[in-house]
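Worth knowing before you read on, the calculation uses all heavy atoms, side chains too, and leaves out hydrogens, waters and symmetry mates. Numbering of residues begins at 1 and proceeds along the displayed sequence.
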Amino acid sequence: MSEDDNNMEEYPTEIHDYLAAFEKSLGSVDEMLKTMMSISRSELLQKLDPLEQAKLDLVSVYTLNSMFWVYLATQGINPKEHPVKQELERIRTYMNKVKEITDKKKASKLDKGAASRFVKNALWEPNAENEHTSKTPAKGKKLQ
């Protein structure tokens with residue numbers, strides 16, 4: 001009997017797909033960690049602006065706490081009753097704050113010069129000949 005056959009007998013076949021997906025996810029996490037560890041932290045932070053540094057720190061700490069959550073679950077400890085749950089919620093709060101800051105940066109900004117030109121051109125201005133005789137707008141134009 002091969003090693004795979006022995007492993008198949010040790011757990012119910014219904015969870016085989018879940019375990020395969022979990023193993024694939026662990027491989028992805030391992031690859032990402034190797035990539036992150038290949039560059040020194042100070043070197044990496046020097047290349048990033050402060051907002052990107054905050055994002056990196058938050059993702060790192062969230063990942064570490066999530067992995068601890070999984071570890072607790074594998075040890076038979078309910079992570080929902082462990083302080084790691086509050087820590088993950090706290091980190092999520094900060095992630096939302098960073099997202100708000102990022103969204104504000106992406107929001108369209110008012111070009112004051114263009115806005116004032118738009119308003120100036122949209123307003124009625126009397127002609128030089130009508131300026132002295134009448135303060136009413138020309139026919140078809142409204143004074144706002």
Original post:
What is the distance from atom CD1 of I39 to atom CG of L45, rounded to the nearest 0.5 Å?
Top reply: 11.0 Å

Subject >> L48 versus L56, closest heavy-atom pair with distance >> reply: CD1-CD2, 4.0 Å

Subject >> Distance (rounded to the nearest 0.5 Å) between N78 CG and W69 CH2 >> reply: 7.5 Å

Subject >> Spacing of S116 atom OG and N121 atom CG [to the nearest 0.5 Å] >> reply: 9.5 Å

Subject >> Taking every non-hydrogen atom, the tightest pair across V59 and T63 >> reply: O-OG1, 2.7 Å

Original post:
In Å and rounded to the nearest 0.5 Å, what is the CG to CD distance from L19 to E14?
Top reply: 11.5 Å

Between side-chain atoms of residues 22-33 and protein atoms elsewhere (two or more places apart, or another chain), which donor-acceptor pairs fall under 3.5 Å?
| unit_1 | atom_1 | unit_2 | atom_2 | d |
| --- | --- | --- | --- | --- |
| S25 | OG | A21 | O | 3.1 |
| S28 | OG | K24 | O | 3.3 |
| D30 | OD2 | K34 | NZ | 3.4 |

Subject >> All side-chain hydrogen bond (donor to acceptor under 3.5 Å, both in side chains) counterparts of D57, not counting sequence neighbours >> reply: R41

Original post:
Among all residues two or more places apart in sequence or in another chain, which pass the side-chain hydrogen bond (donor to acceptor under 3.5 Å, both in side chains) test with Q53?
Top reply: none

Subject >> Qualifying ring-ring contact (aromatic ring centres under 6.0 Å, His included) pairs with a residue from residues 49-68, counting only residues at least two apart or across chains >> reply: F68-H82

With a cut-off of 3.5 Å and sequence neighbours excluded, list every side-chain donor-acceptor pair involving residues 93-100.
| unit_1 | atom_1 | unit_2 | atom_2 | d |
| --- | --- | --- | --- | --- |
| T93 | OG1 | E89 | O | 2.9 |
| N96 | ND2 | R92 | O | 3.4 |
| K99 | NZ | D103 | OD2 | 3.2 |

Original post:
Y71: what forms a ring-ring contact (aromatic ring centres under 6.0 Å, His included) with it, not counting sequence neighbours?
Top reply: none

Original post:
Nearest heavy-atom pair of K80 and K85: which atoms, and what distance?
Top reply: O-CD, 3.4 Å

Original post:
Should L51 and L58 be regarded as members of a common hydrophobic cluster, given that ILVMFWY residues are connected when their side-chain heavy atoms come within less than 4.5 Å of each other, either directly or indirectly?
Top reply: yes

**OP:** For V84 and L72, work out which heavy atoms get closest and say how close.
**Re:** CG1-CD1, 3.8 Å

